[in-house]
Q: 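Structure below; questions to follow.
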Amino acid sequence: MNRTRPPAVAAPADYRFPAPLRRTLGNGMRLVLIERPAANFAEFRMVVEGGFAADPGERSGLCGLSMEVLTQGRLDGGRGRADRFVERLGGAIRARATVDAGVIEMSAFAAKLDASIKAFADAVLCPRFEAKDLEAVRAIRRATIAREKTSPFALALRLVPALVYPKGDPYAKPFTGSGTESGLENISLDDVRGFCRESLVPGRATLVAAGPDIDSLAASVEKAFGAWRAEGADSPREPEVAAHAESDSARAAIADFPGAAQSAVFAAFATVPRASASAEALIAADAILARMFTSRLNMNLREAKGWTYGVRSFLGDARRRGLWIVYASVEREMTGAAMREIERELHAISDGHPPSREELSRAASYLSSTVPMACETTAQVASLVADGVACGLAEDYYRGFVERIGRIGVKDLANVVRDISRLKPITWLVACDAASVSAHLESSGFALRAFEAD
């Protein structure tokens with residue numbers, strides 16, 4: 001249990017996040033260019049506003065499913081399916097849904113750039129797919145949802161949003177982006193075509209392009225996408241925001257994993273918009289509390305008490321209100337006690353035991369190291385910028401990240417945690433052998449109910 005982990009390494013003194021260049025095409029599509037001189041591949045990320053938060057409740061999963069069907073559509077000229085054609089050129093095309101955006105991704109071999117970007121544009125501008133394409137992707141999505149329900153962490157990403165956000169809130173959907181089983185079955189071919197027609201418009205799209213020669217990238221993109229026009233009104237596909245009310249769901253729920261030797265406990269909060277001034281203080285608080293090996297909870301539950309192999313955390317970035325989850329798998333008999341310790345540490349960081357300057361310095365050093373580590377490949381850089389765009393961050397946000405993290409003060413950190421916990425108490429989900437743990441939890445003061453979601 002007392003295994004050691006190497007300390008965090010600060011970012012190299014000469015490291016600098018590449019400077020993105022922004023252009024806007026005549027049709028309104030935004031283009032973000034990032035030069036990576038030594039790259040053999042060009043990376044593209046088409047960020048389309050909306051995301052799974054904007055999915056109708058009865059068709060949850062529409063954004064992700066539609067994006068995936070799009071990549072398997074047919075190209076003209078006998079080129080076959082988009083994904084297979086790009087693969088023959090040495091690249092890959094795929095899609096995913098985030099809470100606030102749909103993202104179509106392509107990796108293109110630099111020597112085959114023109115043919116690849118033309119296929120990418122054809123798939124987006126003139127989507128051609130059939131019922132069999134929808135059914136093939138639907139079958140994969142069914143399997144994805146089934147698999148998510150077998151993993152405590154993936155299950156938590158599915159269930160926790162409905163516990164944390166108010167009923168009817170667009171964010172109260174599975175944060176895996178895969179949607180719900182009933183929503184999946186309700187999606188028709190007309191729904192997918194309607195989604196593509198309404199969502200894939202140039203004024204609501206940002207294309208992040210990273211590669212060895214940004215002049216060539218810009219020319220290829222302009223040639224492929226310059227003639228793109230919206231069919232109808234260029235209106236945003238925005239989710240309807242529910243009134244700011246408390247959820248009527250229980251704040252503590254149990255997911256049954258019969259025979260599980262450990263309990264996976266998840267403490268969750270709705271947080272702040274990713275682009276807000278306090279978001280970076282929350283990132284630092286998360287590092288001090290749970291993310292680093294030397295975090296308070298890891299030193300407490302793992303090193304001091306030996307109840308777990310490690311404490312982890314998840315920060316789900318979003319434009320309006322993010323999702324923060326602190327979690328650990330603990331000995332079954334210590335489930336309630338571990339939850340009380342997590343609760344105590346969460347409250348202590350903002351009241352009674354604020355971070356020391358040493359802790360803050362250690363967190364800043366750790367977080368400084370994450371930027372260059374997250375930018376080792378062209379694909380990583382493109383994805384990091386695209387995810388930032390989806391959350392409303394500036395394209396060059398990460399150029400000053402290290403400096404800003406270093407300026408965060410103890411009060412900044414304590415205040416953001418205090419504000420989040422005041423907004424709503426801790427929401428708990430426990431994935432465990434319910435028959436063995438329920439009575440123990442009740443005796444520890446936690447009244448949990450069985451909870452299942454579609």
Side-chain angles (χ1 to χ4, degrees), residues 20-36 39 41-51 63 66-77 79 81-83 85-86 89 91-96 101-129 193 195-237 378-379 381-383 385-390 395:
L21 298 178
R22 177 172 177 165
R23 301 181 184 178
T24 301
L25 304 189
N27 57 16
M29 187 183 86
R30 295 170 294 279
L31 176 60
V32 179
L33 298 161
I34 306 166
E35 192 158 40
R36 300 277 289 182
F41 275 81
E43 296 287 342
F44 299 88
R45 304 291 185 269
M46 174 73 76
V47 182
V48 180
E49 297 170 7
C63 176
S66 299
M67 289 290 190
E68 194 167 344
V69 171
L70 185 87
T71 66
Q72 299 186 15
R74 272 65 177 171
L75 302 174
D76 59 11
R79 290 175 293 171
R81 278 177 32 175
D83 56 349
F85 178 76
V86 173
L89 296 175
I93 188 170
R94 53 203 171 269
R96 58 190 172 93
V103 185
I104 309 170
E105 306 180 339
M106 185 177 74
S107 302
F109 189 42
K112 302 287 186 179
L113 178 61
D114 285 342
S116 298
I117 191 65
K118 185 178 187 309
F120 186 47
D122 287 350
V124 173
L125 274 60
C126 305
R128 303 177 184 89
F129 38 77
R193 287 173 173 160
F195 173 91
C196 293
R197 183 175 57 254
E198 296 168 10
S199 300
L200 296 173
V201 293
R204 300 187 54 240
T206 299
L207 181 60
V208 178
D213 183 346
I214 57 174
D215 291 331
S216 295
L217 287 177
S220 295
V221 170
E222 180 75 45
K223 180 180 178 181
F225 287 94
W228 187 16
R229 296 292 184 271
E231 288 187 16
D234 190 7
S235 57
R237 178 180 178 267
T378 305
V381 172
S383 292
V385 173
D387 288 344
V389 169
E395 296 86 356

Q: Below 4.5 Å, heavy atoms only, C-beta onward: do Leu70 and Cys196 meet side chain to side chain?
A: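 Result yes, sub-4.5 Å side-chain heavy-atom pair found.
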
Q: Just verifying a value: how many Å separate Arg74 CZ and Cys126 SG, rounded to the nearest 0.5 Å?
A: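 The distance works out to 15.5 Å.
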
Q: To check you understand the geometry: which heavy-atom pair defines the closest contact between Ala218 and Leu31, and what is its length?
A: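 Closest heavy-atom pair between Ala218 and Leu31: CA-CD2, 4.3 Å.
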
Q: Name all residues meeting the side-chain hydrogen bond (donor to acceptor under 3.5 Å, both in side chains) criterion together with Arg128; count only those two or more places apart in sequence or in a different chain, and write none if there are none.
A: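 With neighbours one apart ignored, the set is empty.
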
Q: Taking only residues two or more places apart in sequence, or in another chain, which ones meet Thr378 in a side-chain contact (heavy atoms from CB on, under 4.5 Å)?
A: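 Expected list: Arg36, Ala39, Glu43, Ala210.
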
Q: Taking all atoms of both residues into account, what is the closest heavy-atom pair of Ile34 and Pro20, and its distance?
A: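 Closest approach of Ile34 to Pro20: CG1-CB, 4.1 Å.
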
Q: Measure across Val86 and Ser107 and return the closest heavy-atom pair with its distance rounded to 0.1 Å.
A: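 In this case the closest contact between Val86 and Ser107 is CG1-O, 4.2 Å.
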
Q: For Arg22, enumerate each residue passing the salt bridge (Lys or Arg N to Asp or Glu O under 4.0 Å) test, keeping only those at least two apart in sequence or located in another chain.
A: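 Testing Arg22 for salt bridge (Lys or Arg N to Asp or Glu O under 4.0 Å), a comparison that skips the adjacent residues, returns Glu395.
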
Q: For a side-chain contact (heavy atoms from CB on, under 4.5 Å) with Met46, tell me which candidate from Leu200, Val103, Leu207 qualifies.
A: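 Only match with Met46 under side-chain contact (heavy atoms from CB on, under 4.5 Å): Leu207.
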
Q: Rounded to the nearest 0.5 Å, what's the gap from CD1 on Ile93 to CD1 on Ile104? Could you check?
A: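 Rounded to the nearest 0.5 Å, the CD1-CD1 separation comes to 7.0 Å.
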
Q: Are the side chain of Arg193 and the backbone N or O of Phe129 linked by a donor-acceptor pair below 3.5 Å?
A: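 The answer is yes, because a donor-acceptor pair under 3.5 Å joins these two groups.
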
Q: Show every salt bridge (charged side-chain N to carboxylate O under 4.0 Å, His left out) that has at least one partner inside residues 206-227, sequence neighbours left out.
A: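 Counting only pairs at least two positions apart or across chains, no salt bridge (charged side-chain N to carboxylate O under 4.0 Å, His left out) contact touches residues 206-227.
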
Q: In a table with atom names and distances, give each donor-acceptor pair under 3.5 Å that connects a side chain of residues 112-122 to protein atoms at least two apart or in another chain.
A:
residue: Asp114; atom: OD1; partner: Ser220; partner atom: OG; Å: 3.0
residue: Ser116; atom: OG; partner: Lys112; partner atom: O; Å: 3.0
residue: Lys118; atom: NZ; partner: Asp122; partner atom: OD2; Å: 3.2
residue: Asp122; atom: OD2; partner: Arg79; partner atom: NH1; Å: 3.3
residue: Asp122; atom: OD2; partner: Arg79; partner atom: NH2; Å: 2.4

Q: Do Leu89 and Phe109 touch side chain to side chain, with heavy atoms closer than 4.5 Å?
A: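 Sidechains of Phe109 and Leu89: no contact.
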
Q: Does Val124 form a side-chain contact (heavy atoms from CB on, under 4.5 Å) with Trp228? I'd like the steps, not just the answer.
A: CA-CA 9 Å; Val124 173; Trp228 187 16; 4.0 Å; yes

Q: Output all residues satisfying side-chain contact (heavy atoms from CB on, under 4.5 Å) with Ala386, sequence neighbours left out; order by chain, then residue number.
A: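 By the side-chain contact (heavy atoms from CB on, under 4.5 Å) rule, Ala386 matches Arg45, Val47, Val208.
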
Q: Ser66 and Phe195: which non-hydrogen atoms are nearest, and at how many Å?
A: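 Shortest heavy-atom contact: CB-CD2, 3.4 Å.
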
Q: Arg96: which residues meet the side-chain hydrogen bond (donor to acceptor under 3.5 Å, both in side chains) condition with it, sequence neighbours left out?
A: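 Applying side-chain hydrogen bond (donor to acceptor under 3.5 Å, both in side chains) to Arg96 gives Glu105, Asp387.
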
Q: Taking all heavy atoms of Gly102 and all of Cys63, pick out the closest pair and write down the distance.
A: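 Looks like CA-SG, 3.9 Å.
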
Q: For Arg23, I'd like to know if atom CZ has over 12 heavy atoms of other residues, nucleotides or ligands within 6.0 Å.
A: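 Atom CZ in Arg23 is not crowded, with 12 or fewer foreign heavy atoms closer than 6.0 Å.
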
Q: Among residues at least two apart in sequence or on other chains, which ones pass side-chain hydrogen bond (donor to acceptor under 3.5 Å, both in side chains) with Thr206?
A: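 In terms of side-chain hydrogen bond (donor to acceptor under 3.5 Å, both in side chains), with neighbours along the sequence ignored, Thr206 is linked to Arg30.
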
Q: Yes or no on side-chain contact (heavy atoms from CB on, under 4.5 Å) for Asn27 and Arg229, after CA distance, side-chain angles and deciding distance?
A: CA-CA 6 Å; Asn27 57 16; Arg229 296 292 184 271; 3.2 Å; yes

Q: Only counting residues at least two apart or in another chain, list the ones meeting ring-ring contact (aromatic ring centres under 6.0 Å, His included) with Phe44.
A: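 Checked Phe44 against ring-ring contact (aromatic ring centres under 6.0 Å, His included); zero matches.
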
Q: Partners of Arg81 by side-chain hydrogen bond (donor to acceptor under 3.5 Å, both in side chains), sequence neighbours excluded?
A: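 Result, side-chain hydrogen bond (donor to acceptor under 3.5 Å, both in side chains) vs Arg81: Asp83.
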
